[in-house]
Amino acid sequence: MHFSWLIKHQLLCIIIGIIASTKVGCFQFNFSSFQPLDGTDKLLLINNVAAIYSNALQVTPDSNSMLDRSGRAFYNKPFRLWSKKKNQTASFNSTFVLNINPHTSPGGEGLAFILTANTALPDNSSGEWLGIVNATTNGTSQAGILAVEFDTRKSFTEDGPDNHVGININSINSIQKVPLLSKGINISSGLNVTVRVEYVNYSISVYGYMTETSAQELLLVSSPLNLSSYLDEEVYVGFSASTSNYTELNCVIKWEFNGEDIIHDNKSLLWVWIIVATVVVIMVGGVVFFLVWRRKHGVRTLGDAYPRIEDQIQHSSMAPKKFRLKEIKKATGGFSLQNKLGEGGFGTVYKGLLENKEIAVKSHSKDSRQGKQEFVAEVTTIGSLHHRNLVKLIGWCYESRELLLIYEYMPNGSLDKYLFDEQNFATNNSTLKWETRRSVIYGVAQALEYLHNGCEKRVLHRDIKASNIMLDSEFNAKLGDFGLARTIQKKNETHHSTKEIAGTPGYMAPETFLIGRATVETDVYAFGVLVLEVVCGRRPGNVNGQDDYKNNIAYWVWELHGKGRIVSALDKRISNEEMNEEEVSSVLVLGLACCHPNPHHRPSMRTVLQILNGEASPPVVPQERPAFVWPVMPPFFNEGVDISLLNGQTPMFTEITCR
Ligand SMILES: *[C@@H]1O[C@H](CO)[C@@H](O)[C@H](O)[C@H]1NC(C)=O
Ligand SMILES: *[C@@H]1O[C@H](CO)[C@@H](O)[C@H](O)[C@H]1NC(C)=O
Ligand SMILES: *[C@@H]1O[C@H](CO)[C@@H](O)[C@H](O)[C@H]1NC(C)=O
Ligand SMILES: *[C@@H]1O[C@H](CO)[C@@H](O)[C@H](O)[C@H]1NC(C)=O
Ligand SMILES: *[C@@H]1O[C@H](CO)[C@@H](O)[C@H](O)[C@H]1NC(C)=O
Ligand SMILES: *[C@@H]1O[C@H](CO)[C@@H](O)[C@H](O)[C@H]1NC(C)=O
């Protein structure tokens, strides 16, 4: 379905409506012939005498007994002749062809074109009465009839001569009558006579000519006449005729009527406009519905940038709630600048208020090639996870090509601000205390342990770094940003198609560049870097992609460790009173263990937690940072290594992406 198609149709409807409204303003019909079988009889009100026969409307019929008959026939719908309310009288113009075939000499009695509200044939209206009136109703308003009579026989003293035309109102006596011989017309010649009766401007005129011998109509008779004074507002139009002991066949061969329909005019106009309006409303409604529907479901009909995104998410049974764009718009004040929390390569984060809860809305950058994939990854992984050290994903929204993730709001923002943001120190003077740092490390370790071992499917975060650790109002650490996260089956899959490198430089284990994929060990490495930066308050180094070990935090701490001065790596902003040297040293050594160049020597997250809990003894790391060797050596010194990860069953995932 196309927009332009709809508009075209809508226009067409309006045009048809306008044309129709100008057409139906008339009361008109046209019998170019009378056939018993073509349905014309159904358009006529015919009393039991008249008949359609031999291609003619026989007002008095051709039958065995043609004596003393009268008949009437009308068009089956009434014509609104005038309106009292509107003080208006309609005009009309009717042309018909008569054929009167005398059976006696002269023929009798005649035929009339009539307008009356009463279609019933009066009793005893044969003979001189022409089916117009009878002895009772003649000359009374009870008759309520206009007749243009074509009289074939002088039947009473006041009657005109044989073969005359007259205009009669409620009476057999004419208000005007004209002999037809002088007009070259013999109505009872058995030949066709064309007659036209015109009523315009309160004046009636009758024209006629012999159809076969002339084509020039002549004015036969004319008279001013206010029909509203005599007839009902609605009248039927038709013919009447009669015979006596003088007989003839009274026929109408053709009949056309054009009337101005004064009331129906406006009524039908009104109806037409109602119909047109209805159609327009339906069409507009249809278009609106279609657009709404397309926005809701058919985004892909527009050449969707992210096809099947909803399928991917919906298929994930644990997907969080889906929100409407308008709900999120309302919650964030229309994504207003005041509500903007931050901006990055991934997109923009806004603060909002949804159902009285503070939320953070992350809008994915539409330009980012990985936008959709990261969006789906995040919704399907984090959405099904619940841990107090994971940022809670409340819902998502995908509408109008907007990719939105809705999280619980973290009042204290991301960890990196407190570690490295000099501006933040200046304004907040909020250096994290040792205890807070310890609890942050512990929180992240718990989150990561949960991801690796605690949920149904193993999840690799792949992008652990300070800026992805969020702090709630009590500075509890919550791991966020699962854009690079991948779920892997516990039954390890080893196949992988792409060899892209994922993660953030400075946090990536050295083997990443060689194996080109993430493992639990690469997550542990990144965690180790995080531990070191939290304790030292230093950036991890290598952030600018310089492959310079002097610039690497692990190298730097390892050097101090070799010199037996590892505690001096502690952030200078932490006062000596608040920290426990042994504890600081233990945490730093743990960080180094996690940053071991040989993945097999890194502790598992379970071991890390045990060490932090004091359930396991701190790891032993060599005085000197071991060289990175590839392929890696089997483990030989670290008892704490999770064996299950080492039997060639290192979990891998299929795809690696870079950001
Ligand atoms: C009706 O209209 C005619 C002219 O068309 C006028 O002469 C007459 O006074 C009007 N009658 C009323 C009641 O308005
Ligand atoms: C009545 O119809 C005839 C032909 O059918 C036409 O010539 C004449 O102009 C019409 N009269 C009016 C008033 O429309
Ligand atoms: C004339 O016709 C009316 C109505 O059809 C009827 O009531 C009345 O009796 C008739 N008069 C005569 C004289 O038949
Ligand atoms: C009209 O025609 C009929 C049949 O041809 C004829 O008998 C009759 O005399 C004619 N009437 C006049 C007035 O010419
Ligand atoms: C025609 O007759 C009606 C009813 O008697 C009257 O209201 C109207 O004004 C008359 N119209 C003219 C033009 O005389
Ligand atoms: C018809 O009847 C009248 C009397 O009622 C009579 O004078 C006349 O001759 C009759 N006409 C015919 C054709 O029988």
Side-chain angles (χ1 to χ4, degrees), residues 22-23 25-32 45 47-49 68-72 74 79-98 113-148 156 169-172 175 192-209 211 214-220 222-237 240 242 244 252-263 265:
T22 56
K23 278 261 177 183
C26 308
F27 179 86
Q28 57 181 191
F29 53 84
N30 184 6
F31 296 98
S32 55
L45 293 173
N47 82 325
N48 55 7
V49 174
D68 290 315
R69 307 302 295 264
S70 62
R72 280 184 173 186
F74 297 94
F79 170 52
R80 171 68 66 160
L81 181 63
W82 61 286
S83 159
K84 192 173 200 162
K85 218 164 92 185
K86 300 183 104 188
N87 186 24
Q88 194 186 342
T89 303
S91 59
F92 62 83
N93 190 9
S94 185
T95 304
F96 46 91
V97 175
L98 301 179
F113 170 74
I114 58 174
L115 272 69
T116 180
N118 187 3
T119 54
L121 180 70
D123 298 338
N124 304 311
S125 58
S126 64
E128 64 189 89
W129 305 113
L130 300 180
I132 298 170
V133 288
N134 65 15
T136 314
T137 59
N138 185 31
T140 68
S141 60
Q142 190 194 341
I145 190 167
L146 162 79
V148 177
F156 53 99
I169 286 288
N170 294 340
S171 170
I172 201 63
I175 54 170
N192 288 350
V193 180
T194 300
V195 176
R196 184 163 68 84
V197 178
E198 187 181 273
Y199 181 69
V200 185
N201 294 330
Y202 300 95
S203 176
I204 188 164
S205 306
V206 181
Y207 303 81
Y209 61 96
T211 310
S214 167
Q216 186 65 50
E217 66 172 27
L218 291 174
L219 178 62
L220 307 177
S222 178
S223 173
L225 181 62
N226 185 352
L227 284 177
S228 344
S229 304
Y230 305 102
L231 303 183
D232 284 358
E233 294 189 21
E234 276 197 347
V235 295
Y236 288 85
V237 293
S240 70
S242 72
S244 57
V252 179
I253 308 297
K254 294 182 178 180
W255 183 24
E256 180 181 352
F257 188 97
N258 292 292
E260 178 193 3
D261 199 341
I262 49 171
I263 295 289
D265 198 15

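We count ligands from 1, going down the list as the structure has it; atoms in each ligand are counted the same way.
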Participant: At a 4.0 Å cut-off, with the gap strictly under it, does some heavy atom of Arg196 reach an atom of ligand 2?
Facilitator: yes
Participant: May I ask you to decide if Leu225's main-chain N or O and Tyr230's side chain share a donor-acceptor pair within less than 3.5 Å?
Facilitator: no
Participant: Parallel, tilted or perpendicular: which fits the ring planes of Phe29 and Trp255, with parallel below 30° and perpendicular above 60°?
Facilitator: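 Judged by the thresholds at 30° and 60°, the geometry between Phe29 and Trp255 is perpendicular.
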Participant: Donor-acceptor pair, distance only, cut-off 3.5 Å: does the side chain of Arg72 make one with the backbone of Ile132?
Facilitator: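 It does hold such a pair.
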Participant: When you measure from the side chain of Ser242 to the backbone N and O of Gly127, does any donor-acceptor pair fall under 3.5 Å?
Facilitator: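 Side chain of Ser242 to backbone of Gly127: a pair is present.
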Participant: Verify, without hydrogens or angle tests, whether Thr116 (side chain) and Gly144 (backbone) share a donor-acceptor contact under 3.5 angstrom.
Facilitator: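 Judged by distance alone, yes, a pair lies under 3.5 Å.
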Participant: Counting only heavy atoms and a distance below 4.0 Å, can you name the residues contacting ligand 3?
Facilitator: Pro122, Asp123, Asn124, Asn134, Thr136
Participant: Purely on distance, is any nitrogen or oxygen of Ser228 under 3.5 Å from one on ligand 5?
Facilitator: no
Participant: In chain order, what residues pass the side chain to side chain donor-acceptor pair (under 3.5 Å) check against Ser70, with sequence neighbours excluded?
Facilitator: Ser125
Participant: How are the rings of Phe96 and Phe113 set relative to one another: parallel (under 30°), tilted (30 to 60°) or perpendicular (over 60°)?
Facilitator: parallel
